[in-house]
Amino acid sequence: MESRVESATAEAGTSILEQVTGAVHERVVGQDEAVEGLLVALLTGGHILLEGLPGLAKTLMVRTLAEAIHTGFRRIQFTPDLLPTDIVGTPIFDQAAGEFRVQKGPIFSNIILADEINRAPPKVQAALLEAMEERQVTIGGETFKLDDPFMVLATQNPVELHGTYPLAEAQLDRFAMKLEIGYPDRGQEKEIVRRVAAGTPIPVDTVITVESIAEARRAVAEIRLEDDVLDYIVEPVSYTH
């Protein structure tokens, strides 16, 4: 009985992966490893940092992933003049009611695209720390829980480009993975040119729901890890301390 349940759970998880992968590749050519990394984060509740030169479909990849899921999505463009309150929100005075109320920022959504995160100064980057670690935000001394699922998918340009601020170690620690986006090969570039030359928008269907993601995450959390696997994970980490 247990083996049949595990088999059914594995099949359900595989179905979700296949559906989302197919939806993303409707628009994004290649970048298989990056798409796989995004799906791993989706099923494990981690955050992802995508690094690559401009024009390599980082933003398109994240936006398409969000469209394939029936959930909330907000894009925050990080710029040098951005303020922390522009991300998390701020208390404002309601003259009609004669009291302060909290105006929530774009961080209150399910999937957050932090576009070009390293173009904003460290004080602005730090506004994400509490949200990414504790899934909550404090505004004016009041704490607000964030929706579930909550994922930050950040893009950044390499630090050698002008006008960028390297991410602090505390900020980098909040990301489960850093995925480097490379150039497509010759065949993929030809396919990209064909799609751009066609000039027609490519629609993406919503293929999974928040409930499906929650169910898949519970299945992942129930996977049993043997001691040999744990040793394989822990030993390299210990050697690199």
TODO: Go through Gln156 and Glu116 one step at a time and tell me if the side chain to side chain donor-acceptor pair (under 3.5 Å) criterion holds.
DONE: CA-CA 4 Å; Gln156 74 168 7; Glu116 297 186 303; over 6 Å; no
- [ ] Identify, with sequence neighbours excluded, every residue that meets side-chain hydrogen bond (donor to acceptor under 3.5 Å, both in side chains) alongside Asp32.
- [x]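 In terms of side-chain hydrogen bond (donor to acceptor under 3.5 Å, both in side chains), with neighbours along the sequence ignored, Asp32 is linked to His25.
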TODO: Under the side-chain hydrogen bond (donor to acceptor under 3.5 Å, both in side chains) rule, collect the residues that match up with Lys178, sequence neighbours excluded.
DONE: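 In terms of side-chain hydrogen bond (donor to acceptor under 3.5 Å, both in side chains), with neighbours along the sequence ignored, Lys178 is linked to Glu51.
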Between the side chain of [X] and the main-chain N/O of [Y], is any donor-acceptor distance below 3.5 Å?
{"X": "Gln188", "Y": "Asp185", "answer": "yes"}
{"X": "His47", "Y": "Val152", "answer": "yes"}
{"X": "Thr155", "Y": "Thr59", "answer": "no"}
{"X": "Lys58", "Y": "Leu53", "answer": "yes"}
{"X": "Gln136", "Y": "Leu146", "answer": "no"}
{"X": "Arg174", "Y": "Ala170", "answer": "yes"}

- [ ] Answer yes or no: is there an ion pair linking Arg195 with Glu191, defined by an N-O contact shorter than 4.0 Å?
- [x]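 Yes.
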- [ ] Using a strict 4.0 Å threshold on nitrogen-to-oxygen distance, state whether Arg217 and Asp148 make a salt bridge.
- [x]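 Yes, charged N to carboxylate O under 4.0 Å.
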TODO: Taking atom CD of Glu33 as the centre, report whether more than 12 heavy atoms of other residues, nucleotides or ligands fall under 6.0 Å from it.
DONE: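 Atom CD in Glu33 is not packed in, count stays at 12 or less.
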Task: Counterpart residues, side chain to side chain contact (heavy atoms under 4.5 Å, CB included), relative to Ser212 (two or more places apart) - done: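 Result, side chain to side chain contact (heavy atoms under 4.5 Å, CB included) vs Ser212: Ile16, Ile208, Thr209.
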- [ ] Would you name the heavy atoms of Gly30 and Val35 that are closest together and state the gap between them?
- [x]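 Heavy atoms only, the tightest pair is O-CG2, 4.5 Å.
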